[in-house]
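First the structure, in the form of structure tokens, and then the observations on it.
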Amino acid sequence: MPHPAFDLSLSVRGAREEVWERLWDLDRHTAAVPLTVVTGGPLGPGSRFVGRTALGPVGFDDVMVVREWDPPRRCVVEKVGTPLRGTIVATLQPDTHGRTRVRWRQSFAVTRLPDRLVALARPAVRTAYLLALRRITRPARPV
């Protein structure tokens, strides 16, 4: 039985190459995801990166490996750590009026929890990712 999954699609200002750079800038992930610091890189086939989420001394590492890397079109990332598992498939396509369509499909699982229980969190997880992706891909404000 496959893990719970969700799909997102958003239209982002900028050419596909620009949006790709913003999407995979790990510092942007750190800035966009509360209580999380993302380290690793540079990203490419086989590279590992880690999102450390913590509040004080309590936290966990979300260890990820890039399985496919085809800039600026497609990236597949596998979550290989404990407690989080799953796969992210991100694709970018030119959209209208100087915009890029970002499609994000993600399966997710939590170690030692049944998928049917984890699936109950799908709406909240999807919403959290949508908000984070909007922040991550947003163009920098002019100075």
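The basis for the numbers below is simple: all heavy atoms, side chains too, and nothing from hydrogens, waters or symmetry mates.
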If you measure from [atom1] on [X] to [atom2] on [Y], what distance do you get to the nearest 0.5 Å?
X      : Y     : atom1 : atom2 : value
Glu68  : Thr91 : CD    : OG1   : 11.5 Å
Gln93  : Arg74 : CD    : CZ    : 11.0 Å
Gln106 : Leu8  : CD    : CG    : 8.5 Å

* **Non-hydrogen side-chain atoms of Leu84 and Phe60 separated by less than 4.5 Å** => yes

* Asked: Under 4.5 Å between any side-chain heavy atoms of Leu23 and Trp104, yes or no?
  -> yes

* Ignoring hydrogens and angles, tell me if any N or O in the side chain of Thr30 forms a donor-acceptor pair with the backbone of Val37 under 3.5 Å. => no

* Look at the side chain of Arg85 and the backbone N and O of Val80, then say whether any donor-acceptor pair between them is shorter than 3.5 Å. => yes

* Sequence neighbours excluded, which residues qualify as salt bridge (charged side-chain N to carboxylate O under 4.0 Å, His left out) partners of Arg73? -> Asp70

Non-hydrogen atoms of [X] and [Y] that approach each other most closely:
X      : Y      : value
Arg22  : Thr137 : NE-O, 2.6 Å
Ala5   : Phe108 : N-CE2, 4.1 Å
Pro139 : Arg28  : C-NH2, 4.4 Å

* **NZ/NE/NH1/NH2 to OD/OE distance under 4.0 Å, Lys79 and Asp62** => yes

* To do: Just say parallel, tilted or perpendicular for the rings of Phe6 and Tyr129, cut-offs at 30° and 60°.
  => tilted

* Asked: How is the hydrophobic cluster of Leu131 composed, in terms of its other members, when Ile, Leu, Val, Met, Phe, Trp and Tyr link through side-chain heavy atoms under 4.5 Å apart, directly or indirectly?
  -> none

* Asked: What residues join Val89 in its hydrophobic cluster, counting side-chain heavy atom gaps under 4.5 Å, either direct or through other members?
  -> Val76

* Asked: Is atom CZ of Arg134 surrounded by more than 12 heavy atoms (other residues, nucleotides or ligands) closer than 6.0 Å?
  -> no

* **CG/Leu55: more than 12 non-hydrogen atoms of other groups inside 6.0 Å** => no

Under 3.5 Å, which donor-acceptor pairs link side chains of residues 11-21 to any protein atom two or more places apart or in another chain?
| residue | atom | partner | partner atom | Å |
| --- | --- | --- | --- | --- |
| Ser11 | OG | Asp95 | OD2 | 2.9 |
| Ser11 | OG | Arg99 | NE | 2.9 |
| Arg16 | NH1 | Leu92 | O | 3.3 |

* Sequence neighbours left out, what pairs pass side chain to side chain donor-acceptor pair (under 3.5 Å) with at least one residue falling in residues 33-49? => Thr36-Thr53

* To do: State which residues pass side chain to side chain contact (heavy atoms under 4.5 Å, CB included) with Ala119; sequence neighbours excluded, sorted by chain then number.
  => Pro4, Arg122

